[in-house]
S.K.: 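Once you've had a glance at the structure underneath, I'll fire off some questions.
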Amino acid sequence: MASLLRDVRVVIFVSLLAAALVVIYMPSPLGPGILGGPSGNLKFGLDLVGGSRLQVELKGVIVKVDAPGMNESQIRNFLQNRTGAEVIPVRYKGEIMYEIRKDITKEQLEEILKEKNASIGLDRQGKPLFFKGLTRETVEETRKIMETKLNMLGLKSVVTRTVADNIIMIDLAGVPIDEARRIIGTPGKFEIRMQTVGDKGDISEGQMLSEIKNMTVHVLYGEDIVYVDPMPHRGENGKWGASFKLSDDGADKLRNAAIKYGAVENPDNHELVMLLDDIVIYSAPLKPTAASSLSSKPLKEWIAETGFGEEGKKKAEELIIHLRAGVLPVPVEILASGEVTPPLGEKFREGSVIALILALIVVGVMIMIRYKDVRVVMPLVLTLLSEVIMMLGFAAAIGWQLDLPSIAGIITVIGTGVDQLVMITDEAMAGGKTSGRVYYRRVSFAYSIIFASVVTTIVAMLTLASMALGVLRGFAIVTIVGLLIGILVTRPAYAKTLEYLL
Amino acid sequence: MLSMDEIIEKIDVTRYSVTKMVLVPIVIFLIAISALGYMHFSTGSPVKLGMDFTGGTVVKLKVVESEDVIREKLAQFPLESVSKFEEEGGVSGVMLMFGPMSKEEKERLNETLHREFGGAFEIPSDISGVVGERYLEQAVNAVLIAFLAMAFVVFIVFRTPVPSVAVILSALSDIVIATACMNLVSIELSLGTVAALLMLIGYSVDSDILLTMKVIRGRGELNDRVRSAMKTGLTMTSTTIGAVFAMFFVSTLLPLLWRGFPTIEMLRDISVVLLFGLTVDLMNTWMMNAGILRWYIMRIETKKAAKYMASAPAATSSALSGHTAGSTAQSAGRQKNVKRRKKRRR
C-alpha cells in the first residue's frame, strides 16, 4: 500500500483531487465554500438558476474611402452629415478607415460617396474594404455602458461578454426579460435636483425619487447637458471626477435654483442630486468656490468629484456613463433573448444532479456485471467520480458558470472515461498475472488507442468551442478539460492502482 | 443465462461472408442517405431545423382559450404551433411558437398580445432569423471541420488507406444514420443535437480504433483478435449507452413519470442523438468495419503468401518476417479452403 501511495502518478492524482475539493469547499474569495451548501463554490449559469440572456448586435460599418482632394476631417464631416451618424476615423492595417456608427449597406454608402466623386477604397487584392462591424474599442465601450446601466438595477449578477466582432451576450440572473430588453434598448431619464431641506449627507446613492422628492426641487433634465468628457478628470487635489458642460439655458437654471434656495450662501446643506431613471446616482454639495462664483454669473463647465484613488476613478467612469443618460454610442438590435424562470432553473439543477449520479450508478452496475470483481469495479468507479470532482473543481477555480451544456459535457466525459478505463482494464487483465514489463506493454497498447481517440474528440470539441456565438462553449470546454484530466492524471493512476491490486 | 464472455466466444466472424457483414450496414447507410436526400429535396433541408437555426419566437400564454380562438386572434402572424403546458404550482396555459418575424412584426405581436390577452404572457425565447442563419452556418462548418480533422488524425494513426477509410466510413455512417433517425422521431436540429453529432465522432472512432489496432497489430487467429476487441468494445459502448441513458431518463422519461418536472430539452436532444448514434455504431463497428478489416487482412495475407512462395528460397533477410509470413500464409490458406468448401456446398 505504502509503495502505491508513493508512486508519482498516484500522488499527482490524490493531490489534484484534494485540490479540487479544497477549491470547491473552502471558504475563499471564490465563494462561501461549504458554508454555501452542498454546491460549495460552484457557480451556476442562467439555465440552472433562472434569469435572462440577451444577444445584442451593435450596428455599424468600417470602410475605407477614396476621395480625391479631400482630407481626413473633410471626409469625416461629409460622412457624418450625409449619414446622420457619428463617424470616427480609425487606423486599420496602416490604412485610414472610417467607422460609421449606423447600419448602412454598401450600396447606400456608394450612392452617398458618388456626390463627391468618391468611392469605397480597395485593398491590395482589389477587394472593397467595407466591413460590417465596429472597432474593438467601440464594442468594449458599448459593452461597459450596458453593463453599468444593468448594474444599476441592483441585480445579483450581470455578465456581459463580446462573442463576435459586433455581438454582445448579456446574462442577467433573476431579471424578467422584458425589463432587460427595455433597459438595453432605451436611454434613461437623467435629472439634476437640488436639496432644499435637511442636512449634508441626508441623501444617499441608491435612494428612489419618491423618497427624496419632498426634500429636493427639480433643476434640469439630461437634455441640458451638452457635453460629457469621456475620460475621468483628475483635479489638482488628486480627486477624480466627471467633467461635463451645460447649455446656456441649463447653466441659468442651475444658477437660479442655487440663488433661490440658498445654495450659494450655504452650499453644504444644499447638495446637488443626480438621478437616472429616478434613482439617486450621485449627491454632493457645491464647492464653496463654485458657489461664490455662481452668485455673480452662470457656470457652464462642471466637475462632479467622486473621490481618490482607483475607487474614485471607477466611480467617475460610471458617473460619466450615467451623465450621458446611458445613451449607447452605436445603435443596437436585440438579436435573441431567452429566459428561464427561477423555479424552472431549480428543476433543471435538480435534474442535472440526478442525471450525474444516475450515470455513475448505471455505469458502476454495468461494470460490476461485466467484471464481477470488486478490485476492478471500486477503483474504476472511484476514478470516474474523482474525474467529475476534478472537472467541477476546475470550473470552480476559474469561476466558470455551470450550465446545462456543461452538465451534458460532464456526462459524456463519464462516457468516454469509462471507455478508456475498460480498455486499460481489459489489457491489464488479459494475460493474467504477468511481469511488470509485459503489463506495461499491454497498458501502453491501450494508451495508444486512448490517445488517438482523445485527440480526435478534442479536435472535434475545439471546432465547437470556436463557434463564435458560443452557446455550447461550456459543453466543449468541459469535455476538453475532462479528457485532458483523464489522459494526464487519472488514467496513469488507475493503471498503477490496478497493477497493484491484481 | 449466458454471460457476455460466453456469447462472444461463440461468435465466429469467419462464419459470415465479408459481403454479408458489410452489405447490411451499407444498405442501411444508403437508405438513411436517401431519406435525408428526400427530406432535402422536399423541404430544402435534410433535417428539420429547430428554432435555434430558423429563428422564431416562443410565447407562453397563461390563458384558458381554445386553440381555434387563439389562432383566429393571431391569424396575421406566422404562428407555427400551439401546445399546452403545465408547470408546478398550477400554472398552465398554451405555448405558442412563431416563425421568424421582423422587428416591426414583433412589436405588433407584442401589442396584439397585450390587447387580446392582457399582460398574461411571457416571451421565454426569441431568436432573430439572422442569428439563426449564422448559427446554422457555424454548426455546419463545425461538423465538417471536426469530421475532416478526425479523418486526418485517423490517417496519421494508421498510415494505411483501407483501415483508415473503414474507420472514417463507419463514423460517417454513424452520423448519417443518427441524423436520419432524428427525422424519424421528429427531433429538430438544435444546438444540442449538433453538439451530440460532434461528440458522436469521438465516440464512434473509439471502438473503431480499438478494433483496428487489435486486428492489425494483434497476434493470433483473426477470430481471436476480433473477439478480444469485441469483448472490450461492447463493454465500452454499452457502458457509454448506460451513461447517456441516465441523461435521457432524467430529461425525457422523468417528466412523463413525475408531473410538473420539466422536459430538459438541451439534455434530451443530446442524449437521444447519442443513443441512436451509439446503437448504430455497434452495427457499423462490428459488422461493417470488422468486415472490411477481415477482407483487408485476408488480402494482405494472400499477397504475402504469394510473395513468400515466389521468393521462398531467398527469404533470409529476417527470421522474424519469415516466420510471420509463414504463419499468415497458413491462415490465408485455411480461409481459402473455407471459401472453397462453401462454394462446393452451394
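Note that the coordinates shown come from a computational prediction; the quantities given were computed from them, not determined experimentally. Letters go in sequence order (proteins before strands), and every chain restarts at 1.
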S.K.: For a quick test of reading the model, state the closest non-hydrogen atom pair linking B:I123 to A:E339 and the distance between them.
M.R.: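 The pair with the smallest heavy-atom distance is O-OE1, 4.5 Å.
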S.K.: With a 4.5 Å cut-off on heavy-atom pairs, point out which of B:I201, B:V143, B:L210 contacts chain A the most.
M.R.: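 Ranked by contacts with chain A, first place is B:L210.
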S.K.: Side chain of B:Y203, backbone of A:T412: donor and acceptor closer than 3.5 Å?
M.R.: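 Yes; judged by distance alone, with no hydrogens or angles, the pair exists.
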S.K.: Which answer fits B:L254, side chain, backbone, both or neither, if we ask what part of it has an atom under 4.5 Å from a heavy atom of chain A?
M.R.: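 Contact with chain A involves the side chain of B:L254 alone.
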S.K.: Can you tell me how far the CG atom of B:L197 sits from the CG atom of A:L464, to the nearest 0.5 Å?
M.R.: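 Interatomic distance, B:L197 CG to A:L464 CG, rounded to 0.5 Å: 11.0 Å.
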S.K.: Given that the side chain runs from C-beta out, which part of A:V422 has a heavy atom under 4.5 Å from chain B: side chain, backbone, both or neither?
M.R.: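 It is both, since atoms from each part get that close.
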S.K.: Using a 4.5 angstrom heavy-atom cutoff, name the option from B:N110, B:V205, B:V157, B:I264 with the most pairs to chain A.
M.R.: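 Looking at each of B:N110, B:V205, B:V157, B:I264 in turn, B:I264 comes out on top.
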S.K.: Checking A:E427 against B:K214 for the side-chain contact (heavy atoms from CB on, under 4.5 Å) test, could you report, in this order, the C-alpha distance in whole Å, the side-chain angles of both residues, the deciding distance, and whether it holds?
M.R.: CA-CA 11 Å; A:E427 287 304 318; B:K214 285 254 177 186; 2.4 Å; yes
S.K.: Do A:M461 and B:M199 have side chains that get closer than 4.5 Å, going by heavy atoms?
M.R.: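 A side-chain contact under 4.5 Å exists here.
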S.K.: Check B:L267 against A:L404 and note the closest heavy-atom contact, atom names and distance.
M.R.: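 Closest approach of B:L267 to A:L404, heavy atoms only: CD2-O, 3.8 Å.
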S.K.: So what's closer than 4.5 Å to chain B heavy atoms on A:E57: side chain, backbone, both or neither?
M.R.: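 Just the side chain, heavy atoms under 4.5 Å.
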S.K.: Does a side-chain heavy-atom distance below 4.5 Å link A:R370 with B:K231?
M.R.: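 Yes, at least one pair of side-chain atoms sits under 4.5 Å.
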S.K.: Any idea which of A:L360, A:L335, A:I361, A:V418 has the most non-hydrogen atom pairs under 4.5 angstrom with chain B?
M.R.: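 Looking at each of A:L360, A:L335, A:I361, A:V418 in turn, A:L335 comes out on top.
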S.K.: If you look at every heavy atom in B:Y135 and A:Q55, which pair is closest and at what distance?
M.R.: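 Shortest heavy-atom separation between B:Y135 and A:Q55 comes out as OH-NE2, 2.8 Å.
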S.K.: Report the distance from atom CD1 of A:I411 to atom OG1 of B:T240, rounding to the nearest 0.5 Å.
M.R.: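 OG1 of B:T240 is found 13.0 Å from CD1 of A:I411.
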S.K.: Roughly how far apart are B:I209 CD1 and A:S453 OG, rounded to 0.5 Å?
M.R.: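 Taking CD1 in B:I209 and OG in A:S453, the distance rounds to 6.0 Å.
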S.K.: Go through the atoms of A:T425 and report whether side chain, backbone, both or neither lie under 4.5 Å from a heavy atom of chain B.
M.R.: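 Contact with chain B: none, neither part.
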S.K.: Kindly determine whether A:V362 and B:F245 satisfy side-chain contact (heavy atoms from CB on, under 4.5 Å), including the steps that lead there.
M.R.: CA-CA 9 Å; A:V362 170; B:F245 185 80; 5.8 Å; no
S.K.: To the nearest 0.5 Å, tell me how far A:I367 CD1 sits from B:T235 OG1.
M.R.: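 Rounded to the nearest 0.5 Å, the CD1-OG1 separation comes out at 7.0 Å.
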S.K.: Check whether more than 12 heavy atoms from other residues, nucleotides or ligands sit under 6.0 Å from atom CE of A:M378, and answer yes or no.
M.R.: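 Count not over threshold, so no.
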S.K.: Looking at chain A, which one of B:A195, B:A149, B:G192 has the largest number of heavy-atom pairs inside 4.5 Å, strictly under?
M.R.: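 It is B:A195.
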S.K.: From B:R217 CZ over to A:I449 CD1, what is the distance, rounded to the nearest 0.5 angstrom?
M.R.: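 Rounded to the nearest 0.5 Å, the CZ-CD1 separation comes out at 9.0 Å.
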S.K.: Between A:G351 and B:V250, which heavy-atom pair has the shortest distance, and what is it?
M.R.: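 Looks like O-CG1, 3.2 Å.
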S.K.: Contact part of B:I270 toward chain A, heavy-atom cut-off under 4.5 Å: side chain, backbone, both or neither?
M.R.: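 Only the side chain of B:I270 comes within 4.5 Å of chain A.
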S.K.: Measure the spacing between OG1 of A:T463 and CG of B:L148 and express it to the nearest 0.5 Å.
M.R.: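 With rounding to 0.5 Å, OG1 (A:T463) is 10.5 Å from CG (B:L148).
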S.K.: Test side-chain hydrogen bond (donor to acceptor under 3.5 Å, both in side chains) on A:T416 and B:D206; report intermediate values, then the result.
M.R.: CA-CA 8 Å; A:T416 51; B:D206 245 17; over 6 Å; no
S.K.: Side chain, backbone, both or neither: which part of A:F445 has a non-hydrogen atom closer than 4.5 Å to chain B?
M.R.: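 The side chain, not the backbone.
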S.K.: Looking only at heavy atoms, which two atoms of B:P262 and A:F348 are closest? And how far apart?
M.R.: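 Of all heavy-atom pairs spanning B:P262 and A:F348, the closest is CG-CE2, 3.7 Å.
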S.K.: Considering all heavy atoms of both residues, which atom of A:D426 and which atom of B:T232 are nearest to each other, and what is their separation?
M.R.: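 Between these two residues, the closest heavy atoms are OD2-OG1, 2.6 Å.
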S.K.: Among A:A476, A:G409, A:A460, A:S352, which has the most heavy-atom pairs under 4.5 Å with chain B?
M.R.: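 Max contact count across the listed options: A:A460.
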